[in-house]
Amino acid sequence: MMDMRDVLGVAVLAIGLAASVVVPVAAADDGPQETLAAQVRIQGLACGKPQKAERDAALSKPDEAVWILTCDNATYRLRLIPHMAARIEQIRQ
């Protein structure tokens, strides 16, 4: 016979397993445009609906990735440097 702690332990385990299966799949569908759009918004710029994100290999360097983010209202160039705020330049409105 299971006591309350056993039931609670099984419930927590089941929830943890369900979350570990569901969350990565949902995140994989979003792509980098969702993450980059969130960074743009955090830094005070508008990105209504992110449409696509492309890495700019020509401008990127080791430890300094450059992405072009296209939103429904603007296009941005993001320079991502570890442990710093992104450098964001609006290149089209």
Applying side chain to side chain donor-acceptor pair (under 3.5 Å), name anything that partners Arg92, two or more places apart in sequence or on another chain.
Thr75
Val66 backbone acceptor or donor facing Asp56 side chain under 3.5 Å
no
Side chains of Arg41 and Cys71: does their closest heavy-atom pair fall under 4.5 Å?
no
Distance, nearest 0.5 Å, that separates CD of Gln51 from OG1 of Thr70:
7.0 Å
Whether over 12 other heavy atoms sit under 6.0 Å from Arg55 CZ:
yes
Rounded to the nearest 0.5 Å, what separation is found between the CD atom of Glu54 and the CD1 atom of Ile68?
8.0 Å
Gln43 side chain to Ala86 main-chain N or O, any donor-acceptor pair under 3.5 Å?
yes
Residues 57-66 vs salt bridge (charged side-chain N to carboxylate O under 4.0 Å, His left out), sequence neighbours excluded, gives Glu64-Arg79
Hydrophobic cluster (4.5 angstrom, side-chain heavy atoms) - remaining members for Leu69
Leu36, Val40, Leu45, Trp67, Tyr76, Leu78, Leu80, Ile88
Distance from Lys49 atom NZ to Glu34 atom CD, nearest 0.5 Å?
9.0 Å
Would one find more than 12 heavy atoms of other residues, nucleotides or ligands at under 6.0 Å from atom CD of Glu89?
yes
